[in-house]
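A quick write-up on the structure given underneath.
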Amino acid sequence: MPAASIRQPIYLIGYRGTGKSTVALRLAANLGWEWCDADAELEAHFGVTIRHIFESASEADFRAKEAFILEKLSHRERCVIATGGGVVLRPANRAILKQGFVAWLTAPAEIIWQRLQCDATTTERRPELVGGGLGEITELLAVREPLYRECATCKIDTTQREPVEVAETIMAHFCDGRT
Ligand code: S3P
């Protein structure tokens, strides 16, 4: 891990439904580190659900809160941080991410769509962004993939892998980079 010291966070980035929070929990357990979910931290800090922010304010307001929380979390040592899928949209956020080790979790749009429909988190934390459905995923992935790529230290396809395997793969990349 040339650019990041051992104490800096490991960030998990990627679209909604790629398993960031589940993998963060497993990876942190493997490393003996803490873990956190940036969306949950945001909701706890501001005392409001993400859905409510989108309904009562705007996506721009959510993005400002998201940037504030990322900056705050970036000071945590030995912590695996599951980020929200849109965190890479702001250049300042990308600059923060690049200071740490960044694992980009991927899956095809159709798989993401299937997973999101079965995930209860979607109701409170994942309001529609540009019309919903598979169309939204395809459209936003086209915009975001270059941004995820720009930040990523490693990229892991989660389609055929259980969270435990994804965590082990990240761990291997992380340990390789440190030597
Ligand atoms: C968002 C993803 C969500 C959450 C918010 C916005 C996005 O996080 O931050 O609904 O823009 O893709 P997850 O990726 O954890 O679902």
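Reckoned from all heavy atoms, side chains included, excluding hydrogens, waters and symmetry mates. Both counts, for ligands and for their atoms, begin at 1 and track the order of listing.
Interface atoms of ligand 1 facing R144, defined by a heavy-atom separation under 4.0 Å, are 7 (C), 11 (O), 12 (O). Close approach to P127 involves these atoms of ligand 1, each under 4.0 Å from a residue heavy atom: 10 (O).
Ranking protein heavy atoms by distance to atom 2 (C) of ligand 1, first place goes to R16 NE, 3.2 Å. The single protein non-hydrogen atom nearest to atom 8 (O) of ligand 1 is D39 OD2, 2.7 Å, given as residue, atom name and distance. Nearest protein neighbour of atom 5 (C) of ligand 1, counting heavy atoms only, is R125 O, 3.4 Å. Shortest contact from atom 11 (O) of ligand 1 to any protein heavy atom: R63 NH2, 2.6 Å.
Atom-to-atom distance recorded for L73:CG and E34:CD is 12.5 Å, nearest 0.5 angstrom.
Where the criterion is an N or O separation shorter than 3.5 Å, residue side chain and backbone included, R126 meets it with respect to ligand 1.
The closest donor-acceptor contact from the side chain of Q8 to the backbone of Q99 lies under 3.5 Å.
Classification of R26 and E168 as a salt-bridged pair fails, no side-chain N sitting under 4.0 Å from a carboxylate O.
At a heavy-atom distance under 4.0 Å, only side-chain atoms of F62, from C-beta outward, approach ligand 1. Within the 4.0 Å heavy-atom criterion, the part of L129 lying near ligand 1 is the side chain and not the backbone. Looking at K20 against ligand 1, only its side chain comes within 4.0 Å, counting heavy atoms.
Residues L31 and I10 have side chains in contact (heavy-atom distance under 4.5 Å, counting atoms from C-beta outward).
Classified by interplanar angle (parallel below 30°, tilted 30° to 60°, perpendicular above 60°), the ring pair F101/F174 is perpendicular.
Of all heavy-atom pairs spanning L12 and A24, the tightest one is CD1-N, 3.4 Å. Smallest separation of non-hydrogen atoms from V87 and R63: N-NH1, 4.4 Å. Contact record, R125 with E43: NE-OE1, 2.7 Å, taken as the closest heavy-atom pair.
The closest approach between a heavy atom of E136 and any atom of ligand 1 is not below 4.0 Å.
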